[in-house]
Amino acid sequence: MAEVAHHAGVGVGTVYRRFADKEELIHAALREPLGELAEVAQRAGEAERAWDGLELLLGSITELLVDNLGLWDVALGGGGWRLGRTTVERVAEVLQHLLDRARAEGDLRDGVAGDDVVMILWLVTDLAQHSVQVRPGLYRRYLQVMLDGLRAAPGRSPLVEKPTEQQMLTICRR
């Protein structure tokens, strides 16, 4: 809270008068981005073709996460903040629905799961953080490459076995 006060140019007491604790401060800071995330999920879920919804969802989520490290921490970083749980769970539901629809429509590669998409978001947003000083927006290229890898196409090799749930949790914690 002292660091927040310092960056805001106010006293610590001012911050505590406005926010009871760190979680309340974070909730206030992320209210709007979480709302944007929920709105994007809603629009993506309503797409006529599931693949179009997936592209919208992943592209928009990536943009939001790259622009807001606090949101990234709530969505992917295991930050432990309960405040975004409902939104993140809703996005996960929409994602799974889109994956199921895209599979049924013949647009999704066999073997792709929701956890694969989470890993892709990690990879692309991590790249974005490391490349922003050299070439902002470079992550969009690799998001497109990854999306193309999710798309069904003739002659694709089967995907290697996906990690277990325990392996995923261990990776998330690291």
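For the numbers below, each heavy atom of this structure counts, side chains included, while hydrogens, waters and symmetry mates do not.
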Look up atom [atom1] in [X] and atom [atom2] in [Y], then write down how far apart they are to the nearest 0.5 Å.
X: Leu58; Y: Met146; atom1: CG; atom2: CE; result: 11.5 Å
X: Leu99; Y: Asp107; atom1: CG; atom2: CG; result: 11.5 Å
X: Thr87; Y: Arg31; atom1: OG1; atom2: CZ; result: 11.5 Å
X: Glu32; Y: Leu64; atom1: CD; atom2: CG; result: 10.0 Å
X: Leu98; Y: Leu108; atom1: CG; atom2: CG; result: 10.5 Å
X: Leu30; Y: Asn68; atom1: CG; atom2: CG; result: 5.5 Å

Sub-3.5 Å donor-acceptor pair from the side chain of [X] to the main-chain atoms of [Y], do we have one?
X: Thr164; Y: Gln167; result: yes
X: Glu93; Y: Arg90; result: no
X: Arg103; Y: Arg109; result: no

Apply side-chain contact (heavy atoms from CB on, under 4.5 Å) to the pair Leu159 and Asp110, showing each step before the final yes or no.
CA-CA 8 Å; Leu159 293 171; Asp110 285 339; over 6 Å; no
Are [Y] and [X] connected into the same hydrophobic cluster when the rule is that any two of I, L, V, M, F, W, Y join if their side-chain heavy atoms are below 4.5 Å apart?
X: Leu143; Y: Leu138; value: yes
X: Val10; Y: Val12; value: yes
X: Tyr139; Y: Leu147; value: yes
X: Leu56; Y: Leu34; value: no

Ionic contact status for Asp52 with Arg49, cut-off 4.0 Å
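Salt bridge: no.
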Salt bridge between Arg140 and Glu63, side-chain N to carboxylate O under 4.0 Å?
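Looking at Glu63 together with Arg140, the answer is yes, because their closest N to O distance falls below 4.0 Å.
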Can you tell if the side chain of Leu95 reaches within under 4.5 Å of the side chain of Ile61, non-hydrogen atoms only?
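No; the side chains remain at least 4.5 Å from each other.
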Quick one, Val40 and Arg43 - any side-chain contact, counting heavy atoms below 4.5 Å?
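A side-chain contact exists here, since the closest heavy-atom pair is under 4.5 Å.
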Per the side-chain hydrogen bond (donor to acceptor under 3.5 Å, both in side chains) rule, what does the pair list look like for residues 53-62, sequence neighbours excluded?
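Residue pairs with at least one partner in residues 53-62: Trp51-Glu55.
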Among residues at least two apart in sequence or on other chains, which ones pass salt bridge (charged side-chain N to carboxylate O under 4.0 Å, His left out) with Arg156?
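Arg156 satisfies salt bridge (charged side-chain N to carboxylate O under 4.0 Å, His left out) with no other residue.
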Which pair of heavy atoms, one from [X] and one from [Y], lies closest together, and at what distance?
X: Gly106; Y: Ala152; value: O-CB, 3.4 Å
X: Gly45; Y: Arg101; value: O-NH1, 3.6 Å
X: Val94; Y: Ala41; value: CG1-O, 3.4 Å

Near Glu48 CD, under 6.0 Å, is it more than 12 heavy atoms from other residues, nucleotides or ligands?
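Counting other residues, nucleotides and ligands, CD of Glu48 stays at 12 neighbours or fewer.
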Only pairs under 3.5 Å count here: list side-chain donor-acceptor contacts from residues 116-129, not counting sequence neighbours, and write none if there are none.
unit_1: Asp116; atom_1: OD2; unit_2: Ala113; atom_2: N; d: 2.7
unit_1: Trp122; atom_1: NE1; unit_2: Leu76; atom_2: O; d: 3.0
unit_1: Thr125; atom_1: OG1; unit_2: Trp72; atom_2: NE1; d: 2.9
unit_1: Thr125; atom_1: OG1; unit_2: Leu121; atom_2: O; d: 2.6
unit_1: Thr125; atom_1: OG1; unit_2: Trp122; atom_2: O; d: 3.3
unit_1: Asp126; atom_1: OD1; unit_2: His130; atom_2: NE2; d: 3.3

